[in-house]
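Accompanying notes for the structure given below.
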Protein chains: 2
Amino acid sequence: MATSARGRIDKRQAILDGAFAVFARLGYTQACVQDIADEAGVAKPTVYNHMTDKATLFRHAVEAASQAALDARIGALAPLADPGDDLAGALEDVAHALLRLHTDERSCALKRLLYSEITRFPDILDVVTGSGPHHLTQALADRLARLTLSGRLRATDPDLAAEQFLALLLGPLEARSRLGTRQIGDTELRDLARAAVCTFLRAWARDTP
Amino acid sequence: MATSARGRIDKRQAILDGAFAVFARLGYTQACVQDIADEAGVAKPTVYNHMTDKATLFRHAVEAASQAALDARIGALAPLADPGDDLAGALEDVAHALLRLHTDERSCALKRLLYSEITRFPDILDVVTGSGPHHLTQALADRLARLTLSGRLRATDPDLAAEQFLALLLGPLEARSRLGTRQIGDTELRDLARAAVCTFLRAWARDTP
DNA sequence: ACGGCATTGAACTCATGAGTTCAACGTAGT
DNA sequence: ACTACGTTGAACTCATGAGTTCAATGCCGT
């Protein structure tokens with residue numbers, strides 16, 4: 001029974017993975033369940049054996065993908081816990097990591113899916129638990145608050161600081177990546193990270209007394 | 001014949017308007033040509049009399065809508081031509097105007113359409129002539145270059161300044177408007193404009209000698 | 001009054017895809 | 001060996017929507 005249950009679980013996971021891959025490639029309406037079944041290496045009735053609907057299949061696939069993306073992004077903030085004496089360097093590394101995470105294939109596809117199906121699935125943003133920058137902003141604000149307390153940043157609202165840091169960092173991506181269509185080279189990402197951190201620190205570093 | 005041609009033109013315009021309205025409401029695949037014909041107050045064969053395809057209908061509708069949006073946004077930069085002695089005030093007014101233009105119903109719907117159909121119509125960004133922030137960035141960079149020459153801003157790359165100004169201003173919109181789903185109150189927009197301009201000037205105002 | 005042209009509504013063809021059914025199959029537990 | 005259950009492929013139903021056809025109806029210039 002262990003292997004049988006394991007077998008079921010594996011199929012379920014394969015279905016979710018295949019579903020996200022196909023949805024990401026074709027969008028919700030264009031993707032047909034048969035494609036998803038093929039991608040998952042499974043028969044169509046098996047898909048309906050695990051998920052009642054194409055709609056719930058979509059929900060679960062998107063939920064899993066965005067949870068993974070959010071975890072990775074929050075994980076990338078780790079270096080800010082103990083930035084050493086090179087604050088600018090630590091910020092740049094984090095910024096660069098965030099840029100890479102925001103420009104990879106899956107993230108871009110996920111963003112496209114969210115934008116295009118947000119009207120058909122108005123609740124999908126809740127399912128994603130505010131995985132749009134929201135929870136990331138909170139996590140970053142926590143880190144920046146520590147930096148404020150230790151006198152490295154100006155003593156004003158860390159929530160605003162986090163929001164503006166992410167805006168400076170991610171805002172330019174939309175135009176540069178052509179809405180996520182074009183991949184951006186790593187050196188260009190480095191430059192973007194440097195420019196964002198430079199401007200951020202110019203505005204938010206502790207005033208020299 | 002003048003009125004007859006006028007009549008045709010009116011129908012064509014009505015079709016384009018109706019098409020954008022329905023596409024904005026339902027998305028490309030969900031929108032059916034009969035809906036568009038009804039919205040435009042026209043029969044279905046009339047639609048095909050003006051546009052060969054549902055696809056070209058979509059292209060033309062989106063092109064018209066985004067050209068209008070771009071014109072309005074560039075027009076909103078006008079106060080920067082002669083900002084008087086209150087630079088922060090002028091920037092704030094422009095920022096507020098841009099925020100209103102970026103959060104209205106049509107703009108949000110347009111952005112959703114671009115994101116969702118960019119894979120089906122990869123050329124649509126060219127049709128839109130880079131109407132994603134790109135041309136707006138250029139126009140703003142021109143204004144900021146003038147301000148740099150007159151000594152109001154730091155003497156560094158005005159293109160970067162424009163990109164970061166727009167990032168600071170528009171970046172927070174994504175999370176706050178829930179991908180364009182929720183309307184943002186005018187006082188919140190004022191606050192966003194003020195915060196963006198404040199941080200921008202802190203980083204980009206001419207260094208006090 | 002007449003002829004040309006766009007428009008109209010209704011009915012039609014055709015393709016696509018969601019979701020179901022079912023008989024045959026494989027495999028694990030007893 | 002026997003049973004129970006998930007899986008499989010194929011065939012099926014049913015709804016939807018793109019694009020077309022056509023006869024009938026205006027409307028405009030001459």
Exercise. For the pair made of NZ in B:K11 and C1' in D:dC27, what is the distance, rounded to whole Å?
Worked result: 11 Å
Seminar exercise, completed: Residue set satisfying ring pair (Phe, Tyr, Trp, His ring centres under 6.0 Å) with A:F20, at least two apart, ordered chain then number -> none
For this session: Report, as a single string ordered 5' to 3', how protein heavy atoms within less than 4.0 Å touch nucleotides 17-22 of chain D: B base, S sugar-phosphate only, - not at all.
Result: SSBBB-
Acceptor/donor pairs from residues 91-99 of chain A side chains to any protein atom, 3.5 angstrom cut, sequence neighbours excluded:
unit_1: A:D93; atom_1: OD1; unit_2: A:R190; atom_2: NH2; d: 3.4
unit_1: A:H96; atom_1: NE2; unit_2: A:D186; atom_2: OD1; d: 3.3
unit_1: A:H96; atom_1: NE2; unit_2: A:D186; atom_2: OD2; d: 3.4

Exercise. Expressed in angstrom and rounded to an integer, what is the separation of A:R12 atom CZ from D:dT7 atom P?
Worked result: 11 Å
Check: residues 34-46 of chain A side-chain donor-acceptor pairs under 3.5 Å, at least two apart:
unit_1: A:Q34; atom_1: NE2; unit_2: A:D38; atom_2: OD1; d: 3.0
unit_1: A:E39; atom_1: OE1; unit_2: A:R25; atom_2: NH2; d: 2.9

For this session: Send over the distance from B:I15 CD1 to C:dA6 P, rounded to a whole Å.
Result: 13 Å
Exercise. Is a salt bridge present between A:D126 and B:R178, judged by a nitrogen-to-oxygen distance below 4.0 Å?
Worked result: yes
Problem set entry | Separation of C:dC5 P from B:H50 NE2 (nearest whole Å) | 15 Å
Problem set entry | For atom CG of B:N49 and atom C1' of D:dT25, their distance in whole Å | 15 Å
Problem set entry | Pairs involving residues 54-63 of chain A, ordered by first then second residue, that meet salt bridge (Lys or Arg N to Asp or Glu O under 4.0 Å) (sequence neighbours left out) | A:R59-A:D123
For this session: Only pairs at least two apart or in different chains count here, so list each salt bridge (Lys or Arg N to Asp or Glu O under 4.0 Å) that has a residue in residues 105-116 of chain A.
Result: A:K111-B:E174
